[in-house]
Asks: 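One structure, pasted below without further comment.
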Amino acid sequence: MTLFDQEYEVIVVGAGHAGTEAALAAARMGAPTLLLTMNLDTIGQMSCNPAIGGIGKGHLVKEIDALGGQMGVNTDLTGLQFRRLNTRRGPAVRASRAQADKKAYQFEMKYACEQQPNLDIRQGMMEELLVEDGQVRGVGIKGGLVFRGRAVVLTTGTFLRGKIYVGDFSYSAGRAGEGASVQAAEGLAALGFEIGRLKTGTPPRLNGRTLDFAAMEIQPGDEPPRPFSYQTEAITQTQMPCWITYTNNRTHQLIEENLSRSAMYGGHIEGIGPRYCPSIEDKVVKFRDKERHQIFVEPEGRRTLEYYINGLSMSLPEELQHHIVRTLPGLERAQLMRPAYAVEYDYAPPTQLYPNLETKRVQRLFFAGQINGTTGYEEAGAQGLMAGINAVLRGRGEEPLVLDRSQAYIGVLVDDLVTKGTQEPYRIFTSRAEHRLILREDNADDRLMDLGRSLGLVKDAVYQRYLRKREEVREELQRLAVQRVRADDERARQVRARCGSAPIRESASLADLLRRPELGYEEVAQIAPSPVPLLPDAAEQVEAQIKYEGYIDRQQTQVDKLQRLEGLRIPEDFDYAACGKNLSTEARQKLAQIRPRTLGQAGRISGVSPADVSALMVLVHARQGTPRA
């Protein structure tokens with residue numbers, strides 16, 4: 001072994017979406033950081049769909065950005081198409097999504113890492129974790145070179161014993177064209193980590209010259225496009241359309257007749273696949289009542305004619321994929337450029353982590369991304385950001401950063417993982433959050449930017465823009481509350497007539513008008529424009545706060561009550577086995593395994609009943625010598 005002559009505060013292994021966010025966060029906090037990757041040319045690679053955001057996922061990207069992360073900035077720089085989803089529904093479930101230029105996204109992320117002070121980048125495959133006295137000391141790479149580090153963040157993606165399947169053909173790989181990491185997986189098992197097996201997949205890519213777009217439905221982007229990042233003033237690049245087509249009876253029949261040739265249905269794959277992103281085989285088998293399934297045809301970049309066929313993930317033989325694709329309208333003459341495939345890989349069930357994403361078995365070792373059982377760029381990026389921040393805080397002896405479930409979707413994500421675990425690829429949804437009206441896209445900066453600023457991750461200019469927006473929102477809420485409209489106001493009459501709104505009796509405040517279901521902020525601003533036009537996020541925040549004020553207040557009251565449980569810390573060395581019959585057997589076992597930080601977290605563990613939580617509260621107070629609250 002050869003020892004590298006520099007010791008790093010943080011070493012990040014893997015340069016996907018989790019790894020880049022972890023490394024950038026650590027370096028921006030002033031920590032000398034090493035980003036170690038198997039291939040410098042795939043930093044920030046979009047292995048599957050070249051898109052960022054979506055329901056729940058868009059919320060994560062906004063939160064990453066509010067904390068000073070890179071994903072939103074990178075998406076704005078390289079986006080091909082920007083859309084807002086669920087615009088006709090409530091503000092809690094409205095979300096942003098962007099189709100990105102696959103290669104441009106990768107190159108921009110690589111450049112962001114290369115020019116970041118305090119960050120070194122090195123190509124090499126990790127083969128060994130150096131652990132002494134239960135604490136990580138560094139990593140060894142193939143070839144014998146050893147890097148010392150005070151904390152290590154593992155973001156291994158699908159590379160731990162990764163295996164690709166196309167029909168009955170399989171080979172060792174983390175993704176197409178790149179080898180798997182076998183020794184690293186074996187090393188984790190040797191350290192005593194529980195290891196499981198999961199599966200994901202990707203659809204075929206087609207040659208755009210062979211597609212008949214006239215036979216498909218066009219799906220344009222929004223005009224004007226809304227940026228993801230608080231750093232971006234406007235999206236200036238032209239947008240590209242996506243397209244929609246559908247499967248049909250011929251598609252389904254061809255798949256059903258060949259299910260035995262599918263790697264998944266043929267028994268070759270053991271790992272569990274993503275529930276909410278099923279393969280086309282799964283869709284045909286499990287939804288037999290469906291006559292067709294929607295398929296999105298999405299460009300992979302401006303300088304390529306390769307198209308991503310979203311919704312057609314499969315693990316059937318390549319020659320059969322060719323025939324299946326050609327049953328879809330507009331794809332009758334399509335040529336495959338890359339076949340669909342499934343990939344199976346190792347992960348470490350995340351109940352082996354503390355809420356700061358540090359492992360319980362090895363001190364100062366952090367896991368982030370698919371190694372924790374998640375799926376999706378956004379989930380990976382959020383974990384990477386938190387792991388990078390906490391790796392620095394741990395090395396400096398400071399309190400960890402753990403976001404509450406009522407504070408951020410990132411908090412929901414991490415708490416779900418470390419408290420409940422997962423046996424299938426986990427993805428975020430707005431339905432996973434108990435307090436959705438508080439956790440909206442439009443107020444991610446209000447919730448998190450002060451925190452990002454305190455960590456040194458948010459730039460001065462970005463923070464000043466946020467302060468201006470916050471003041472604009474405050475002033476506009478005040479204006480809407482006090483400014484009134486008379487019953488005979490002509491502009492109000494025209495807007496009301498167009499929207500089917502009832503007449504105004506005598507006079508009404510602008511806030512009262514905005515509370516009407518049929519009127520939005522845009523209509524109210526037409527009646528009485530703001531002296532200073534609001535940014536879209538600010539306008540959305542004003543509308544949500546006025547329309548849903550009662551609901552938001554009730555949720556905040558619930559949060560305040562729950563905070564009491566979240567604030568009751570359980571001693572790290574609490575002996576659950578000594579609790580005897582005060583706790584059920586299952587509760588003692590689960591609590592000892594997960595070791596929750598607070599009574600609130602204890603109550604979210606499967607198998608721990610409200611009676612167990614009440615008993616535990618008494619036992620904790622008795623241990624601490626304090627009266628029960």
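All of these numbers come straight from a predicted model, not from anything done at the bench.
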Asks: Will you find, in the side chains of Gln563 and Ser406, an N or O donor that is under 3.5 Å from an N or O acceptor?
Replies: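 Side chains of Gln563 and Ser406: pair found under 3.5 Å.
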Asks: With a 4.5 Å heavy-atom cut-off, do Met126 and Met38 have their side chains touching?
Replies: no
Asks: For the atom pair CG (Asp537) and CZ (Arg440), what is the distance rounded to the nearest 0.5 Å?
Replies: 10.5 Å
Asks: Go through the steps for Glu424 and Arg275 under the test salt bridge (charged side-chain N to carboxylate O under 4.0 Å, His left out), then give the verdict.
Replies: CA-CA 7 Å; Glu424 62 184 49; Arg275 179 187 300 265; 2.8 Å; yes
Asks: Under the 3.5 angstrom rule, does the side chain of Gln115 hit a backbone N or O of Ala112 as a donor-acceptor pair?
Replies: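 Looks like yes, one N/O pair under 3.5 Å.
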Asks: Would you say the side-chain atoms of Thr375 and Arg427 include a donor-acceptor pair closer than 3.5 Å?
Replies: no
Asks: Return the CD1 to CZ distance between Ile309 and Arg205, rounded to the nearest 0.5 Å.
Replies: 9.0 Å
Asks: Considering all heavy atoms of both residues, which atom of Val402 and which atom of Asn356 are nearest to each other, and what is their separation?
Replies: CG2-N, 4.2 Å
Asks: Assess the residue pair Val153 and Leu365 against the criterion (side-chain contact (heavy atoms from CB on, under 4.5 Å)); give the C-alpha distance rounded to whole Å, side-chain angles, the decisive distance to 0.1 Å, and a yes or no.
Replies: CA-CA 6 Å; Val153 181; Leu365 174 63; over 6 Å; no
Asks: Do Arg453 side-chain atoms and Val458 backbone N/O form a donor-acceptor pair below 3.5 Å?
Replies: yes
Asks: Between Asp222 (side chain only) and Pro224 (backbone N and O only), is there a donor and an acceptor less than 3.5 Å apart?
Replies: no
Asks: List the steps, then state whether side-chain contact (heavy atoms from CB on, under 4.5 Å) holds for Ile55 with Leu85.
Replies: CA-CA 7 Å; Ile55 308 302; Leu85 310 179; 4.0 Å; yes
Asks: When rounded to the nearest 0.5 angstrom, what is the spacing between CD in Gln106 and OG1 in Thr20?
Replies: 11.0 Å
Asks: Does a salt bridge link Glu233 with Arg226, judged by any charged N lying under 4.0 Å from a carboxylate O?
Replies: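 Judged by the 4.0 Å cut-off on N to carboxylate O distance, Glu233 and Arg226 do not form a salt bridge.
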Asks: Restricting to pairs with a member in residues 358-373, which pass salt bridge (Lys or Arg N to Asp or Glu O under 4.0 Å), not counting sequence neighbours?
Replies: Glu358-Arg394
Asks: Does the side chain of Thr78 pick up a donor-acceptor pair with the side chain of Glu108 at under 3.5 Å?
Replies: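 Thr78 vs Glu108: no donor-acceptor pair found between side chains.
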Asks: Would you tell me whether Tyr426 and Asn372 have side-chain atoms, one donor and one acceptor, within less than 3.5 Å of each other?
Replies: no
Asks: So, Glu379 side chain and Ile428 main chain: donor-acceptor pair closer than 3.5 Å or not?
Replies: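 Side chain of Glu379 to backbone of Ile428: a pair is present.
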Asks: Carefully, step by step, assess Lys142 and Glu128 under the rule salt bridge (charged side-chain N to carboxylate O under 4.0 Å, His left out).
Replies: CA-CA 9 Å; Lys142 192 171 184 178; Glu128 182 182 10; over 6 Å; no
Asks: Please collect all salt bridge (Lys or Arg N to Asp or Glu O under 4.0 Å) contacts where either partner lies in residues 192-204, sequence neighbours excluded, each pair once.
Replies: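 Residue pairs with at least one partner in residues 192-204: Arg197-Glu344, Arg197-Asp346.
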Asks: Report yes if the side chains of Glu441 and Arg94 come closer than 4.5 Å at any heavy-atom pair, otherwise no.
Replies: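 When only atoms from C-beta onward are counted, Arg94 and Glu441 do not touch, as no gap falls below 4.5 Å.
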Asks: How about His17 and Met71: do any of their side-chain heavy atoms sit closer than 4.5 Å?
Replies: yes
Asks: Out of the candidates Asn74, Asp65, Thr75, Asp76, only one should pair with Ser229 under the side-chain hydrogen bond (donor to acceptor under 3.5 Å, both in side chains) rule; please name it.
Replies: Asp65
Asks: If you define the side chain from C-beta out and look only at heavy atoms, does anything of Arg432 sit under 4.5 Å from Asp416?
Replies: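 Arg432 vs Asp416: side chains touch.
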Asks: Would you indicate whether the side-chain heavy atoms of Val139 and Leu130 approach each other to under 4.5 Å?
Replies: no
Asks: Would you say NZ of Lys469 has more than 12 non-hydrogen atoms from neighbouring residues, nucleotides or ligands within 6.0 angstrom?
Replies: yes
Asks: When you check the gap from the basic side-chain N to the acidic O, do Glu540 and Arg84 get nearer than 4.0 Å?
Replies: yes
Asks: Salt bridge check, Asp415 against Arg597: does any charged N sit closer than 4.0 Å to a carboxylate O?
Replies: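 Here Arg597 does not pair with Asp415 in a salt bridge, since their nearest N and O are not under 4.0 Å apart.
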Asks: Suppose we call two aromatic rings close when their centres sit under 6.0 Å apart. Are Tyr307 and Phe296 close by that rule?
Replies: no
Asks: Checking Arg28 side chain against Gly68 main chain: does a donor-acceptor pair fall under 3.5 Å?
Replies: yes
Asks: Heavy-atom count around Glu572 CD within 6.0 Å, excluding the residue itself: above 12?
Replies: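 Atom CD in Glu572 is not crowded, with 12 or fewer foreign heavy atoms closer than 6.0 Å.
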Asks: State, to 0.1 Å, how close Lys62 and Pro227 come at their nearest heavy-atom pair, and which atoms those are.
Replies: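 Where Lys62 meets Pro227 most closely, the heavy atoms are NZ-O, 3.5 Å.
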Asks: Tell me if the CD atom of Gln363 is crowded by more than 12 foreign heavy atoms within 6.0 Å.
Replies: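 Atom CD in Gln363 is packed in, count exceeds 12.
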Asks: Would you compute the distance between atom CG of Leu145 and atom CZ of Phe4 and round it to the nearest 0.5 angstrom?
Replies: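 Here the rounded value is 7.0 Å.
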Asks: Assess, by modelled atom type and distance only, whether the side chains of Asn49 and Tyr377 contain a donor and an acceptor separated by less than 3.5 Å.
Replies: no
Asks: Counting neighbours of CD on Gln423 that are heavy atoms of other residues, nucleotides or ligands and sit closer than 6.0 Å, is the number greater than 12?
Replies: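 Count not over threshold, so no.
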Asks: Has Glu398 got more than 12 heavy atoms of other residues, nucleotides or ligands less than 6.0 Å from its CD?
Replies: yes
Asks: Is the backbone of Ala66 close enough, under 3.5 Å, to the side chain of Asp445 for a donor and an acceptor to pair up by distance?
Replies: no
Asks: Given side chains that start at C-beta, do those of Gln407 and Leu448 come closer than 4.5 Å, heavy atoms only?
Replies: yes
Asks: Hey, does Leu80 have a side-chain heavy atom less than 4.5 Å from the side chain of Gln239?
Replies: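 Of all side-chain heavy-atom pairs linking Leu80 with Gln239, none is under 4.5 Å.
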Asks: At what distance, to the nearest 0.5 angstrom, does CD of Gln601 lie from CD1 of Ile594?
Replies: 7.5 Å
Asks: Using modelled atom types and a 3.5 Å cut-off, is there a donor and acceptor pairing between side-chain atoms of Glu298 and backbone atoms of Gln99?
Replies: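 No, the answer is negative, given that no donor and acceptor are paired below the 3.5 Å cut-off.
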Asks: If we only count heavy atoms from C-beta on, is the Thr42 to Arg175 side-chain gap below 4.5 Å?
Replies: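 Thr42 reaches Arg175 side chain to side chain.
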Asks: Does any N or O in the side chain of Tyr341 come within less than 3.5 Å of the main-chain N or O of Ala176, such that one atom is a donor and the other an acceptor?
Replies: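 Answer holds: yes.
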Asks: One pair to check against ring pair (Phe, Tyr, Trp, His ring centres under 6.0 Å): Phe193 and Phe367. What are the steps and the verdict?
Replies: CA-CA 12 Å; Phe193 286 98; Phe367 290 171; 5.2 Å; yes
Asks: Locate the shortest heavy-atom distance separating Arg302 from Gly79; write the atom from each residue and the value.
Replies: NH2-O, 3.3 Å
Asks: Check whether any side-chain N or O of Glu114 sits under 3.5 Å from a backbone N or O of Leu119 as a donor-acceptor pair, and report yes or no.
Replies: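 Checked: no pair found.
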Asks: Once ring pair (Phe, Tyr, Trp, His ring centres under 6.0 Å) is applied, do any residues pair with Tyr354, and if so which ones, sequence neighbours excluded?
Replies: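 Per chain and number, Tyr354 pairs via ring pair (Phe, Tyr, Trp, His ring centres under 6.0 Å) with no residue.
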Asks: Given the rule in the side-chain contact (heavy atoms from CB on, under 4.5 Å) test, do Leu455 and Met29 qualify, once you have shown the distances and angles that lead to the verdict?
Replies: CA-CA 7 Å; Leu455 293 165; Met29 291 175 71; 4.0 Å; yes
Asks: Grab the two heavy atoms, one from Pro225 and one from Phe82, that are nearest each other, plus how far apart they are.
Replies: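 The answer is CB-CB, 3.7 Å.
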Asks: Sub-3.5 Å donor-acceptor pair from the side chain of Gln541 to the main-chain atoms of Val473, do we have one?
Replies: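 No, Gln541 side chain to Val473 backbone: no donor-acceptor pair under 3.5 Å.
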Asks: Which value, rounded to the nearest 0.5 Å, describes the distance between Arg405 atom CZ and Glu434 atom CD?
Replies: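 Answer for the CZ-CD pair, Arg405 versus Glu434, is 4.0 Å.
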Asks: Identify the two heavy atoms, one from Asp442 and one from Ala544, that lie closest to each other, and give their separation to 0.1 Å.
Replies: OD2-CB, 4.5 Å
Asks: Please find the pair of heavy atoms, one from Gly369 and one from Thr374, that lie closest to each other, and give the distance.
Replies: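 Where Gly369 meets Thr374 most closely, the heavy atoms are O-OG1, 3.1 Å.
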